[in-house]
Amino acid sequence: MGLNMETRAIETLVQYVDGVPLRFCSNAAAATDGTIWFTESSNRYDFEQYTGALMEDRPSGRLFRRDPGGRVEVVLEGLHFANGLTLSSDEQAVIFAETDGYRLNRIWIRGTNAGKREFLAANLPGFPDNITRLQDGKF
């Protein structure tokens, strides 16, 4: 969703990706260039059935990139309940949670490591969710 500052109307920015409706989008982060990064926790379950997605433990989550022109790209798929995300303070990477995967990930989006995915923390003792970047660069 986006807010049209002139009309104050809320607009749907993305409803379909490659002709398929989005089911359960979670968090989003906007880069300074207008790119929007967002997750779909499950492409099989709606928000109301989130417990079904968690219990099924099937990797049906995705990470998307919406460029300033509106084009949407699937960056990663097969994620375990992709959830909270944030950009690193230098906007070189996206940090995101896989709640049902019990891990935090980083995917480099710029620089020499662009496209490389790393696990920052794995086998966590609980469900990671909702990530926010702090002013000191930590998240």
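Numbers for residues simply follow the sequence, beginning at 1. Note that these values count all heavy atoms, side chains included, but never hydrogens, waters or copies made by symmetry.
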What do the steps show when you test R66 against L13 for side-chain contact (heavy atoms from CB on, under 4.5 Å), and what is the final call? CA-CA 9 Å; R66 181 186 183 272; L13 297 178; 3.9 Å; yes

Atom CD of E73 with >12 non-hydrogen neighbours under 6.0 angstrom: yes

If we only count heavy atoms from C-beta on, is the I107 to V75 side-chain gap below 4.5 Å? yes

Do L79 and V74 sit in the same hydrophobic cluster, where Ile, Leu, Val, Met, Phe, Trp and Tyr count as joined when their side-chain heavy atoms come under 4.5 Å apart? no

Which atoms form the tightest heavy-atom contact between G126 and P128, and what is the distance? O-CD, 3.2 Å

Looking just at side-chain N and O atoms, do N105 and E118 make a donor-acceptor pair shorter than 3.5 Å? no

Suppose we screen for side-chain hydrogen bond (donor to acceptor under 3.5 Å, both in side chains). Which residues come up paired with R65, at least two apart in sequence or across chains? none

Test item: D18 side-chain N/O and V20 main-chain N/O as donor-acceptor pair under 3.5 Å: no

Looking at R106 and E98, is any side-chain nitrogen of the basic one under 4.0 Å from a carboxylate oxygen of the acidic one? no

L104 vs L124 side-chain heavy atoms within contact, under 4.5 Å: yes

Evaluate the side-chain proximity of L87 to W37: yes if any heavy-atom separation is below 4.5 Å, no if none is. yes

Heavy atoms, side chains only, cut-off 4.5 Å: are R62 and L76 in contact? no

Can you check whether V14's main-chain N or O pairs, donor with acceptor, with T12's side chain at less than 3.5 Å? no

Apply side-chain contact (heavy atoms from CB on, under 4.5 Å) to the pair E40 and R23, showing each step before the final yes or no. CA-CA 7 Å; E40 180 182 41; R23 297 286 304 261; 3.9 Å; yes

Ring pair (Phe, Tyr, Trp, His ring centres under 6.0 Å) involving Y102 - partner list, sequence neighbours excluded: F127

Measure from the side-chain N and O atoms of R133 to the backbone N and O of F139, and report whether any donor-acceptor pair falls under 3.5 Å. no

Could you check I131, T39, I109 and say which one makes a side chain to side chain contact (heavy atoms under 4.5 Å, CB included) with V94? I109

May I have all residue pairs that pass ring-ring contact (aromatic ring centres under 6.0 Å, His included) and include part of residues 62-84, sequence neighbours excluded? F24-F81, F38-F64

In chain order, what residues pass the ring pair (Phe, Tyr, Trp, His ring centres under 6.0 Å) check against F96, with sequence neighbours excluded? none

Distance-only, no hydrogens or angles: does the N113 side chain make a donor-acceptor pair with backbone N or O of K116 under 3.5 Å? no

Contacts under 3.5 angstrom, residues 27-36 side chains, donor-acceptor by atom type, not counting sequence neighbours:
from: N27; atom 1: OD1; to: G84; atom 2: N; distance (Å): 3.4
from: T32; atom 1: OG1; to: E91; atom 2: OE1; distance (Å): 3.1
from: D33; atom 1: OD1; to: T35; atom 2: N; distance (Å): 2.8
from: D33; atom 1: OD1; to: T35; atom 2: OG1; distance (Å): 2.8
from: D33; atom 1: OD2; to: T35; atom 2: OG1; distance (Å): 3.3

Side chains of S60 and S42: any donor to acceptor distance under 3.5 Å? yes

For the CG atom of D129 and the CG atom of D100, what is their distance to the nearest 0.5 Å? 12.0 Å

Approximate separation, where rounding is to 0.5 Å, of I95 CD1 and T86 OG1: 8.0 Å

Please enumerate all residues that pass side-chain contact (heavy atoms from CB on, under 4.5 Å) together with N123, with sequence neighbours excluded. none

Classify the side-chain pair S26/N83 by whether it contains a donor and acceptor separated by less than 3.5 Å. yes

